[in-house]
Every structure is written in C-alpha cells, then in structure tokens.
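Notes for the one structure printed next.
Naming: A, B, ... by sequence-line order, numbering from 1 per chain.
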Protein chains: 2
Amino acid sequence: MANKSDNPITEAEDRFVTAWGQMGSAWGISRTMAEVHALLYITGDALCTDDIMARLEISRGNASMSLRALVDWGIVLRTHKRGDRKEYFVAEQDIWTMARAIVRERLKREVEPLLASLHEIRDLSSKSGAETEAIEAHNERIENLVAIFELIELLVQRFVSPSGEGLEAAAMLLHQHTGERDAEGESGGAGEARS
Amino acid sequence: MANKSDNPITEAEDRFVTAWGQMGSAWGISRTMAEVHALLYITGDALCTDDIMARLEISRGNASMSLRALVDWGIVLRTHKRGDRKEYFVAEQDIWTMARAIVRERLKREVEPLLASLHEIRDLSSKSGAETEAIEAHNERIENLVAIFELIELLVQRFVSPSGEGLEAAAMLLHQHTGERDAEGESGGAGEARS
DNA sequence: CACGGTTTTCAGTATTTTCTGAAAATAGCC
DNA sequence: GGCTATTTTCAGAAAATACTGAAAACCGTG
C-alpha cells in the first residue's frame, strides 16, 4: 500500500481536516474535536474509534472524549455494523441540519448563560436608589445589551430550532431581498445535501 | 474610601466584566481582552492604562496588548485629555456599531481563510482523474461547504460591512416577518444607543 | 538633544487547556 | 456467571496560551 498522500482525494481530506480544525480552535472548540468532525464529515463514512485514532494519530481517550462531545452536540451519530461489536460514528451530512445544531448548541451554552447574568445585573443595577445621570446611562447600557442578546436569542430560536427548516428560507430571503450581485453562477446550492 | 463593592453599580460593573470575559473565552477571545472591553463599555468612561490595570489587577504589558487588540478590532478608540500626556481609551458605545465591527473582524480572520482553503481543496479534489461515485460524493460535500460559507460571507458583507446601517433593519425585518409572539413588552430597543 | 513621562515589546514564567495511557467500567456472548 | 471485546474515565504529562515585569523604544518639551 502506498503513502497516505497517494491520491488527491486523501490529500484533500487531510487539508480539510486541518482547515476545519483551525477554524474550530479560533471559535473556542478543541482542535481535535473539530478534526474528528471534519474527518467524519468529509469521508462520509461510518468510522470506528480505531479508524479515527489511526487517521488522526490521537489516543483512544482523546478520540472517545471528542466523539462523545460531537454526539452531545448532535452533529455525529452512533451506528453499528451487524456482526461487529464495535461502535461506528457518522457525521450528519445535511449541512443545514449541521449548521442548525451548532448554532443551537452555542446559543444554549454561551448566550443563555450570558443573558441570565445580564438579567441579574439589571436587577442589581436598578436597586441603586439614586437616579443620577451616570446611573441612568449605566442602566441604558445594560438594557441595550439585554435587548440585543434577546433579539439574537429570538432570531436563533425562530430560524434554527424547533420545527427545523427555516434557516435556508431566511438565507434565501435575504439573498433575494438585497439583490443578487454575485460573480459566480449558481452551481450546487448548499441546501441539496442528502440527509 | 469604602470597599470597592460599596455600591450596586460598581458591583454590577464587576459582574458584567466577569460575564463578558467568560463569554469571550468561550468564543476564542482572550478573557482579559474581553474584560478590558467590558470595563470600557460598561463604565462608558475614557480610562487610561493605569485605571484599567488597577481595576482589573493586570500588568501593564497585558493591558497594553489587550488595548491594542481592541483598537485593531475597531471597538475601542484612543483619546487624549488636554494637558495630560497619557492616552485614554473609550469603547464604542453604539451597540450595533460594535456588533458590526466584531462580526466583520471575525469574518475577515476566520471565515475568509477557511474559504480560501476550501477553494484550494476544491481545485485539488477536481484534479482526481477518475469519476467514481465516491469521488462525486466527496466533491459534492466540498461544494456544499463552499456554498454555505460563501452565503455567510455574502450575508455578512451585505448587512454588516460597507455602508454601515442594515443589520438593525435586517433584524427588524426578520423580527416582523416571522410574526411577534414575545412575552415581554417593547421596552428599550437595542438600536437607540448614542454613538 | 537630553530628559521625564509614557507606551510597547518580549523572554521567561504561570496558568489553562488538551492529550495520553492505563485502569476501571460496560456490554455482549457462551 | 465467567470471558473477551470495547468504551469510558481520569490522574498526571505535555502542549498551548496568556501574563508579567523590566528593558527598550517612543515622544513631546525645554
């Protein structure tokens, strides 16, 4: 068997794994977790822990923890092959479903706690007896933050969460609404992936 | 002079600094940088390096580097006070301007490089002579990624970047478009902050 | 152009985060 | 239940990241 860079597809996969891993770490996700996801997504295959360990050269523990996290995020699913005791993992292939899961999860983990803090802070601030100009300005700043994050939460919930569909529609709507001036042709829309 | 938690506003400020710092680190921004920004935003004052060092208990070097980064991001501005040699810093107070700056910057730093990689990977992938079903599926996955990130880039550029205004409008549009069903009243919209 | 005040830089250190590897838990099978 | 294959956990190690402090650079002034 030849080198792993024997064909351009494998090379492309590796490059994608690297790029996605970097993106992930810039967004506060562990590089390895993003790489595992990248590998599962780009190959499209059901891989077992050993496949992933081998391809990414990581330990069993790391693979196990990353996979669990990805399953928790809802962008990777566990599967089995008949007659094989091992667990296999597949990435969600529909890119909008994936995007929704990611956005939903980040909302839950980061925006909601922040909003909870902001509400507490607002209560605390309004307890201040005096009503100087400085205090009013402070309160207004808090209000503005609460308002923008509530708006974000609302929008995300509307387009991303419950029923499912909607994000694409919104994207298309905006796309249309602002008028098309893109250079490239409409080759391969992002909404057509198989689920 | 009393304790620093002497009044609820100061307490609220500290809490906000902490919450914003946590949010920042979940999003791949250094905690301190986010805290410095939080402090400048929430106080609304022009503070000098020493003020910030004292309030956040950080070193001069750290303060200097964080401030520079914030200025680079375009969400903090340098100012001066007449008859004072020191530099002072103020946070952008308009929350939409701030949001636009942040989104724009992240697009530039993280989405654009990813897209560049994806384009290279696409070229690489298409070099594969053979056209098996597996290869076609691989190419389609890459196309889907390119499409979704190009859409994101386009939307962000449209609403966030050049002319300036637009994000609020979009938000309001969507807000309207999906029909209002929020429990709370419309107290204090996020768009009214002074610049 | 020398001086005091101010800011920046950066080598070294501290802290945080991530990863490993082996032991413990779990799960299917006979 | 006992046996083996597989997965999970987690204490400690390694790597990455952030922070400090002091020296160097900068900058307006006399």
- Message: Can you pull out the residues from residues 25-33 of chain A that lie within a 4.0 Å heavy-atom distance of DNA chain C?
- Response: Ser30(A), Arg31(A), Thr32(A)
- Query: Which of residues 77-86 of chain B sit near DNA chain C, with a heavy atom under 4.0 Å from it?
  - Reply: Arg78(B), Arg85(B), Lys86(B)
- Linking I/L/V/M/F/W/Y whenever any side-chain heavy atoms sit under 4.5 Å apart, do Val17(A) and Met53(A) land together? no
- Message: Any salt bridge linking Lys108(A) with Glu112(A)? Criterion: basic side-chain nitrogen under 4.0 Å from a carboxylate oxygen.
- Response: no
For atom [atom1] of [X] and atom [atom2] of [N], their distance in whole Å:
X        : N       : atom1 : atom2 : value
Ile58(A) : dT7(D)  : CD1   : P     : 13 Å
Ile52(B) : dT6(C)  : CD1   : P     : 15 Å
Glu57(A) : dG21(C) : CD    : C1'   : 17 Å
Leu67(B) : dT6(C)  : CG    : C1'   : 14 Å
Glu87(A) : dT26(C) : CD    : C1'   : 11 Å
Arg60(B) : dT9(C)  : CZ    : P     : 15 Å
Met65(A) : dG21(C) : CE    : P     : 13 Å

- side-chain N/O Ser64(B) vs dT8(C) OP1/OP2, d < 4.0 Å: yes
- Message: Using OP1 and OP2 only, check whether a side-chain N or O of Arg68(B) sits under 4.0 Å from dT7(C).
- Response: no
Which donor-acceptor pairs under 3.5 Å do side chains of residues 63-74 of chain B form with protein atoms, sequence neighbours excluded?
residue: Ser66(B); atom: OG; partner: Asn62(B); partner atom: O; Å: 3.0

- Query: Do any N or O atoms from the side chain of His138(A) and from the backbone of Ala134(A) form a donor-acceptor pair under 3.5 angstrom?
  - Reply: no
- Is Arg141(A) reaching over with its side chain to a backbone N or O of Ile42(B), donor-acceptor style, under 3.5 angstrom? yes
Side chains of [X] and [Y], heavy atoms from C-beta outward: is any pair under 4.5 Å?
X         : Y        : value
Ile135(A) : Ile9(B)  : yes
Val90(A)  : Arg78(A) : no
Lys86(A)  : Thr49(A) : no

- How many angstroms lie between OG1 in Thr32(A) and CD in Glu57(A), if you round to the nearest 0.5 Å? 12.0 Å
- Residue closer to the 5' end of DNA chain D, Asn62(A) versus Tyr88(A) (nearest nucleotide): Tyr88(A)
